[in-house]
Engineer: 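Okay, handing you the structure first.
In this text the structure is predicted, and so the values were computed from the model without any measurement. Just so we're on the same page: letters track the sequence lines, and every chain starts at 1.
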Number of protein chains: 2
Amino acid sequence: MREVRYLEIAADLRKRVEAGEFSAGGVLPSEADFTRAYGASRVTVRKALESLRDGGLIDSRQGFGWFVAVDRVRQSLAQLSTIERDLAERGVVTERQILDFAFVAASAHVRGVLGVDQVLRVRRLNLADGSPFARVTVWCPAELGASLSRADVAARPFYDLLPVEIGGATQTIGAALAESADANVLAVPVGSPVLRCERVTRDVDDHPVLLSVHVFPAHLTEFVVDLPSPSSLSLVE
Amino acid sequence: MREVRYLEIAADLRKRVEAGEFSAGGVLPSEADFTRAYGASRVTVRKALESLRDGGLIDSRQGFGWFVAVDRVRQSLAQLSTIERDLAERGVVTERQILDFAFVAASAHVRGVLGVDQVLRVRRLNLADGSPFARVTVWCPAELGASLSRADVAARPFYDLLPVEIGGATQTIGAALAESADANVLAVPVGSPVLRCERVTRDVDDHPVLLSVHVFPAHLTEFVVDLPSPSSLSLVE
DNA sequence: CAGTGGTCTAGACCACTGG
DNA sequence: CAGTGGTCTAGACCACTGG
């Protein structure tokens with residue numbers, strides 16, 4: 001594997017920033033300093049810095065310097081960002097707490113989406129540093145979930161567990177009021193606003209293999225969508 | 001305003017690609033060609049090309065060349081769909097009813113985003129076949145809005161009216177409860193769920209030129225996001 | 001004012017592609 | 001093989017920041 005200098009520098013800088021070598025909001029050494037310290041040209045140093053900026057870790061102001069980003073992450077590579085991802089990027093420990101694991105008869109809606117009568121239904125809570133931030137219900141065809149254990153679905157994402165190759169997904173984002181089932185586990189009042197996402201995940205042959213509903217308290221969650229071009233803008237005006 | 005060469009080149013290339021000068025999947029001229037044609041250094045040409053790749057418009061393969069992207073990573077952006085768009089596609093008549101048109105002092109938040117003290121603030125209602133489906137508030141710097149009339153903003157989208165070239169936007173999607181101002185004009189009860197979108201629109205130089213807040217009744221509206229590839233899926237699991 | 005990041009040039013070597 | 005994009009250098013001028 002050929003060593004790519006700017007990636008090496010970026011990786012090193014990321015480690016140093018994440019290790020807290022520079023305080024949050026704190027200023028980094030200047031590009032000239034890095035040029036000397038890493039023995040690389042300024043262009044290469046800048047390429048490393050810019051890649052970290054794309055990741056939202058650091059930011060810069062002309063005439064001032066580079067500094068550790070305090071603002072919300074703005075991932076330019078990803079079109080859709082969630083609090084789950086932001087948390088993971090910031091090193092917060094996320095885990096899944098399984099509330100319910102059962103093979104059940106599909107409801108009409110679930111049968112309509114997945115096309116089967118018997119499904120594995122998993123209800124879980126997504127936690128960040130021990131605090132719940134999403135209540136998730138996942139359904140998959142009983143046949144596909146037959147070999148899964150409750151421990152499996154706690155340890156890894158469903159995508160990794162299914163014996164099929166995942167193709168893509170379609171997600172809808174809506175607003176709703178917290179029901180008592182949500183409110184109890186998410187520690188919000190009944191009737192408070194929540195974001196409710198319903199996602200249909202398909203395999204490479206475009207057959208639906210997962211249906212999931214994610215409920216996020218509104219005060220914790222926001223979806224960020226970058227619309228990079230004028231042509232995409234006209235779609236939502 | 002200083003001209004930034006790589007942004008000029010990027011804008012020109014974007015126009016040419018979107019005009020279909022290169023067929024979908026088709027190969028672009030080489031970097032060496034562009035260097036000659038634009039009279040800029042290869043580094044500058046590459047910076048323009050890379051910015052378009054970040055936008056998902058084009059892609060490259062080492063030893064092969066640059067080509068128009070077919071499986072656009074950013075495709076899902078073009079597929080962010082709203083009820084507004086769906087309505088327009090179905091031939092429903094949409095119109096804007098201006099509720100308020102005023103030059104006012106910017107709030108701290110608006111000033112923070114737009115960087116100016118005086119703004120034009122327009123409140124409007126978006127209607128579909130005569131029924132309201134969104135309450136929108138738009139702020140733009142007073143200087144940019146100086147030549148706009150109330151009739152202008154009723155007749156055409158803000159994007160078409162501003163004397164600047166629009167680059168892109170970043171939108172956040174959240175949930176909230178209807179306030180009385182929303183409830184009155186949207187014909188929903190106070191405290192019912194709404195989707196609340198805040199969008200920052202930038203010009204081609206990446207300066208914010210518009211801030212807008214869109215409030216949709218939850219029972220009328222749903223955002224649909226296609227996540228076409230497994231790699232984009234991992235971002236939201 | 002000195003120091004900073006933002007842009008840009010004109011070179012260079014390399015890995016990779018396709019014929 | 002010739003041509004391509006990917007990386008990298010050592011300079012340069014500029015706009016902007018803060019004191």
Engineer: What's the NE2-P distance between B:His207 and D:dA15, to the nearest Å?
Structural biologist: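 It is 14 Å, rounded to the nearest whole Å.
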Engineer: Establish, with yes or no, whether the OP1 or OP2 oxygen of C:dT4 is under 4.0 angstrom from a side-chain nitrogen or oxygen of A:Ser30.
Structural biologist: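 Yes, because at least one side-chain N or O of A:Ser30 sits under 4.0 Å from OP1 or OP2 of C:dT4.
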Engineer: Which nucleotide sits closest to the side chain of A:Phe64: D:dT7, D:dG18, C:dG18?
Structural biologist: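 Among the listed nucleotides, the one closest to the side chain of A:Phe64 is D:dG18.
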Engineer: Any side-chain N or O of B:Lys47 less than 4.0 Å from the OP1 or OP2 oxygen of C:dT7?
Structural biologist: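 Yes, because at least one side-chain N or O of B:Lys47 sits under 4.0 Å from OP1 or OP2 of C:dT7.
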Engineer: May I ask you to say what A:Arg5 touches in the nucleic acid, namely base, sugar-phosphate or nothing, with a heavy-atom cut-off under 4.0 Å?
Structural biologist: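 Sugar-phosphate contact only - A:Arg5 comes under 4.0 Å of backbone atoms but never of a base.
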Engineer: Can you find a side chain N or O atom of B:Ser60 that sits less than 4.0 Å from OP1 or OP2 on D:dG6?
Structural biologist: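 Yes, within the criterion.
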Engineer: Figure out the CZ/C1' separation between A:Arg42 and C:dT7, and round it to whole Å.
Structural biologist: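 Whole-Å distance recorded here is 9 Å.
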Engineer: Calculate the interatomic distance between B:Arg36 atom CZ and C:dG11 atom P; express it in whole Å.
Structural biologist: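 Nearest whole value for this atom pair: 14 Å.
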Engineer: Looking at B:Tyr6, I'd like to know whether one of its side-chain N or O atoms comes within less than 4.0 Å of OP1 or OP2 on C:dC8.
Structural biologist: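 False: B:Tyr6 side-chain N/O out of range (4.0 Å or more) of C:dC8 OP1/OP2.
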Engineer: Please confirm whether the shortest side-chain N or O distance from A:Thr44 to OP1 or OP2 of D:dT9 is below 4.0 Å.
Structural biologist: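 Yes, within the criterion.
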Engineer: In whole angstroms, how far is the P atom of C:dG5 from the CG atom of A:Leu49?
Structural biologist: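 Computing the A:Leu49:CG to C:dG5:P distance gives 8 Å.
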Engineer: Within this structure, what is the CD-to-P distance between B:Gln62 and D:dG5, rounded to whole angstrom?
Structural biologist: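 The answer, rounded to whole Å, is 10 Å.
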Engineer: Give the rounded distance in Å between these two atoms: CD of B:Glu50 and C1' of D:dC8.
Structural biologist: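 About 13 Å, once rounded to whole Å.
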Engineer: Of the nucleotides D:dG6, D:dC8, C:dT17, which one has an atom closest to the side chain of B:Arg61?
Structural biologist: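 The listed nucleotide nearest to B:Arg61's side chain is C:dT17.
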Engineer: Looking at the side chain of B:Arg46, which of D:dT7, C:dT7, C:dT9 is the nearest nucleotide?
Structural biologist: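 Of the candidates, D:dT7 comes closest.
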